[in-house]
Amino acid sequence: LLRGVLGARAAELAERVGVAAGARIVVATALVRDGRVLAAQRTRPAALAGRWELPGGSVETGESEDAAVARELREELGADVVACGRLGTDLPIDAGLLRVHLARLRPGSAEPAALEHAAVRWVDAAGLATLDWVDADRAVLPDLCAVLGT
Ligand code: C5P
């Protein structure tokens, strides 16, 4: 038990040092419903326009990752979601570290809409491979495939 507590504490401290050193955390969200995940098509920057991502964005100072997931999806999709755990490992990106979180729509939420994206699309496991994903997100597709099932 003690080792578990110390381990968790060490991980938290390491994370704080990392964040202090400028390793920005970006959350990406695998919003799952009925065996499908919501993919969103980027509009910017020009190099990424047209490519698909799991929606999300930077965690703000003092904000939990779960709160960042809910805030970003409210801003980008007009949807009310609840984060429900991590998916895959940390992915290094230019901006820092990308962490994928699973999420579900809260009952009564509006249908997700492309408020800041070119389009949004619900895709099943077979559909994942048909989209041109941004590089970082591509790494989580096998884990996502397992979550969505066949
Ligand atoms: O969306 P935004 O521009 O705020 O994202 C910040 C950084 O995180 C960008 O470099 C973007 O490419 C990256 N990102 C990513 N995959 C996502 C979301 C963001 O690689 N699903």
Side-chain angles (χ1 to χ4, degrees), residues 11-150:
E12 187 190 324
L13 288 173
E15 180 162 310
R16 285 200 197 159
V17 170
V19 169
R24 187 154 69 106
I25 306 291
V26 177
V27 288
T29 309
L31 178 60
V32 173
R33 179 176 68 186
D34 299 334
R36 292 171 187 254
V37 65
L38 191 87
Q41 191 176 33
R42 288 191 68 105
T43 59
R44 60 172 183 84
L48 295 181
R51 296 181 70 186
W52 294 81
E53 69 172 5
L54 298 172
S58 296
V59 179
E60 293 175 355
T61 308
E63 185 180 44
S64 71
E65 293 182 25
D66 285 4
V69 164
R71 177 182 53 73
E72 288 286 349
L73 270 65
R74 199 176 314 117
E75 291 172 3
E76 296 185 0
L77 306 169
D80 190 12
V81 313
V82 58
C84 47
R86 291 277 309 275
L87 183 69
T89 56
D90 290 356
L91 301 166
I93 57 174
D94 289 348
L97 274 186
L98 185 72
R99 291 200 175 137
V100 181
H101 285 256
L102 287 163
R104 303 195 183 286
L105 281 176
R106 284 190 193 275
S109 168
E111 193 62 20
L115 303 180
E116 297 183 1
H117 288 89
V120 294
R121 190 185 291 177
W122 291 100
V123 290
D124 62 13
L128 289 176
T130 69
L131 297 182
D132 181 18
W133 292 93
V134 300
D135 293 339
D137 296 41
R138 197 169 285 280
V140 81
L141 295 185
D143 293 308
L144 195 46
C145 205
V147 166
L148 297 180
T150 48

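For the numbers below, each heavy atom of this structure counts, side chains included, while hydrogens, waters and symmetry mates do not. We number each residue from 1, following the sequence as shown. As the structure lists them, so they are numbered: ligands from 1, and atoms in each ligand from 1. No experiment lies behind these values; they were computed from the predicted model shown.
We find that Arg51 and Asp137 are not joined by a salt bridge, their nearest charged nitrogen and carboxylate oxygen being 4.0 Å or further apart. A salt bridge is absent between Arg86 and Asp66: the closest approach of a Lys/Arg side-chain nitrogen to an acidic carboxylate oxygen does not fall below 4.0 angstrom.
Here the closest heavy-atom approach between residue Ala30 and residue Leu144 is recorded as CB-CD1, 3.8 Å. The heavy-atom pair separating Ala67 from Ser64 by the smallest distance is N-OG, 3.0 Å. The heavy-atom pair separating Arg121 from Leu131 by the smallest distance is NH1-CD2, 3.3 Å. Residues Leu38 and Trp122 approach most closely at CD1-CE2, 3.5 Å, considering heavy atoms. Minimum interatomic distance between Leu54 and Ala28 (heavy atoms only, all atoms of both residues): O-CB, 3.7 Å.
Checking Thr29, Val26, Leu48 against atom 12 (O) of ligand 1, the nearest heavy atom belongs to Leu48. Scanning Asp135, Leu98, Val100, Leu54 for the heavy atom closest to atom 21 (N) of ligand 1 points to Leu54.
Rounding to the nearest 0.5 angstrom, the gap separating the CG atom in Asp124 from the CG atom in Asp34 is 11.5 Å.
Remark: ligand 1 atoms within the under-4.0 Å shell around heavy atoms of Ala136 are 20 (O). Heavy-atom proximity to Glu53, at under 4.0 Å, picks out these atoms of ligand 1: 17 (C), 18 (C), 19 (C), 21 (N). Of all atoms in ligand 1, numbered sequentially from 1 with element shown, those under 4.0 Å from a heavy atom of Ala28 are 21 (N).
Here the heavy atom of the protein found nearest to atom 4 (O) of ligand 1 is Arg44 NH2, 4.2 Å. Closest to atom 8 (O) of ligand 1, if we only count protein heavy atoms, is Ile93 CD1, 3.4 Å. Counting protein heavy atoms only, atom 15 (C) of ligand 1 is closest to Asp137 OD1, 3.7 Å. Nearest protein neighbour of atom 11 (C) of ligand 1, counting heavy atoms only, is Arg42 NH1, 3.7 Å. What sits closest to atom 10 (O) of ligand 1 on the protein, heavy atoms only, is Ala95 CB, 4.1 Å.
Shown here, atom 17 (C) of ligand 1 is in close reach of the protein: a heavy atom of it lies under 4.0 Å off.
Not a single heavy atom of Asp94 lies less than 4.0 angstrom from ligand 1.
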